[in-house]
Every structure is written in structure tokens, then in C-alpha cells.
Amino acid sequence: MKMIQAIIRHEKLGDVKSALYDIGVVGLNVTEIQGRGVQKGATRQWRGAVYDVDLLPKIKLETVVDDALVEKAVDIIQKAACTGNIGDGKIFVWTVDQVVRVRTNERGRGAI
């Protein structure tokens, strides 16, 4: 099993959720975050004053999938989240040793 974490633009969340649902990934967590990377923030103007915003709002999406579905899920996220511009985000994948469904104590792949 693998944990997939994707940092994406707010406006792409609906596209990514729909695309993941279409391949059978229904369980996910979504968190509103702020961060920066290559994009390095932006310059804003408010009431005539110019200021720099170095942390931009993003969405962090997390899901755990079976090993057989990892590459497909990563490809789906990449395609659905891509605008072709700086700031589209990143996808991280790492191994999950154990999953336990709290309600039933089911363990492993069945608990996903």
C-alpha cells in the first residue's frame, strides 16, 4: 500500500476528486494549506499599497491506495491538476506499513 499526497491548486480539487473517483479511489483527506515553492509567492496591491505574499493557498490531498493502483492514481492526479503554469503543485508517494479500520479492526488492504 502507498500513501499519495498531492499539493494542488484550489480550483483543481474538483477535477482531481472526480478523476480519482472514476478509477475507484473514494477515500481521501483534503486540507487547506499555505506554502511556497518555485512560484515564490506573489505581489498584491491593496488600497494603493503594494505588498508581497510569500505563502500561497493550496490544497493538500491525501489517499492510500493498493500498490497496483499507485501509478494510475499518480498519473490521474498529475493530468487533472495540471494547468501548465508554475504553482501546479507536487505529488509525493511513500510506503504505508499498516492500515487499520477503527470501526471493525479490519487490517491491511481491506481497510483502505
Side-chain angles (χ1 to χ4, degrees):
M1 295 173 288
K2 300 280 194 250
M3 165 77 76
I4 300 173
Q5 181 184 79
I7 310 298
I8 62 173
R9 296 173 180 269
H10 272 84
E11 63 268 18
K12 294 307 234 169
L13 178 60
D15 295 340
V16 172
K17 281 181 9 184
S18 296
L20 286 172
Y21 184 81
D22 289 345
I23 64 166
V25 178
V26 294
L28 54 90
N29 294 311
V30 175
T31 309
E32 291 189 23
I33 62 170
Q34 292 186 15
R36 70 172 184 214
V38 176
Q39 195 175 7
K40 299 179 186 169
T43 301
R44 306 276 189 216
Q45 186 172 2
W46 187 70
R47 293 190 176 185
V50 176
Y51 61 97
D52 291 325
V53 177
D54 66 344
L55 297 175
L56 298 175
K58 299 286 182 179
I59 293 291
K60 179 171 69 172
L61 182 141
E62 296 173 309
T63 188
V64 176
V65 299
D66 192 59
D67 289 333
L69 197 54
V70 173
E71 286 305 315
K72 189 171 188 177
V74 168
D75 288 344
I76 287 288
I77 294 168
Q78 191 278 321
K79 288 176 183 158
C82 182
T83 67
N85 297 312
I86 292 175
D88 277 350
K90 299 261 191 297
I91 302 171
F92 305 96
V93 179
W94 61 89
T95 302
V96 173
D97 294 326
Q98 183 67 273
V99 176
V100 179
R101 186 184 309 268
V102 173
R103 179 177 51 87
T104 63
N105 198 32
E106 186 175 10
R107 294 170 185 262
R109 290 184 177 125
I112 297 176

Worksheet item: Minimum heavy-atom separation for R107 to V100, with atom names?
Response: NH1-CG2, 3.5 Å
Worksheet entry | Shortest non-hydrogen separation from I8 to A81 and the atoms involved | CG2-CB, 3.7 Å
Discussion item. Please check this pair: side chain of K2 against backbone of L69, looking for a donor-acceptor N/O pair closer than 3.5 Å.
Written reply: no
Worksheet entry | Atom pair NZ/OG1 of K60 and T31 - distance to nearest 0.5 Å | 5.0 Å
Worksheet item: Is Y21 reachable from I4 through a run of hydrophobic residues whose side-chain heavy atoms are each under 4.5 Å from the next?
Response: no
Practice prompt. Nearest 0.5 Å please: distance from the CD1 atom of I7 over to the NZ atom of K90.
Written response: 10.0 Å
Fill in: V16 reachable from V30 in the ILVMFWY side-chain graph, under 4.5 Å edges
yes
Discussion item. Please tell me whether L13 and V26 are part of a single hydrophobic cluster in this structure, the criterion being side-chain heavy atoms less than 4.5 Å apart.
Written reply: no
Practice prompt. Please report the shortest heavy-atom distance between A111 and E106, naming the atom on each side.
Written response: CB-O, 3.4 Å
Worksheet item: Roughly how far apart are T63 OG1 and K17 NZ, rounded to 0.5 Å?
Response: 12.5 Å
Worksheet item: Looking at A6 and I77, what are the two nearest heavy atoms and their distance?
Response: CB-CG2, 3.8 Å
Worksheet, complete the sentence: Looking only at heavy atoms, the pair that brings M1 and D67 closest together is N-OD1, 3.1 Å
Discussion item. Distance check, rounded to the nearest 0.5 Å: I59 atom CD1 versus H10 atom NE2?
Written reply: 3.5 Å
Item to complete: Examine V65 and V99 and state if one hydrophobic cluster contains both, with Ile, Leu, Val, Met, Phe, Trp and Tyr joined whenever side-chain heavy atoms are less than 4.5 Å apart.
Response: no
Practice prompt. Give a yes or no on whether R101 atom CZ has more than 12 heavy-atom contacts from other residues, nucleotides or ligands under 6.0 Å away.
Written response: yes
Discussion item. Is it the case that atom CD in Q34 sees more than 12 heavy atoms from other parts of the structure closer than 6.0 Å?
Written reply: yes
Discussion item. Let me confirm one number: the CG-CD1 distance from D75 to I23, rounded to the nearest 0.5 Å.
Written reply: 9.0 Å
Discussion item. Would you compute the distance between atom CG of L61 and atom CD1 of I33 and round it to the nearest 0.5 angstrom?
Written reply: 10.5 Å
Discussion item. Please give me the minimum heavy-atom distance between I91 and V74, naming the atom from each residue.
Written reply: CD1-O, 3.8 Å
Worksheet item: Are V93 and V25 linked, directly or through other ILVMFWY residues, by side chains that come within less than 4.5 angstrom of each other?
Response: yes
Worksheet item: Are the side chain of D88 and the backbone of T83 linked by a donor-acceptor contact shorter than 3.5 Å?
Response: yes
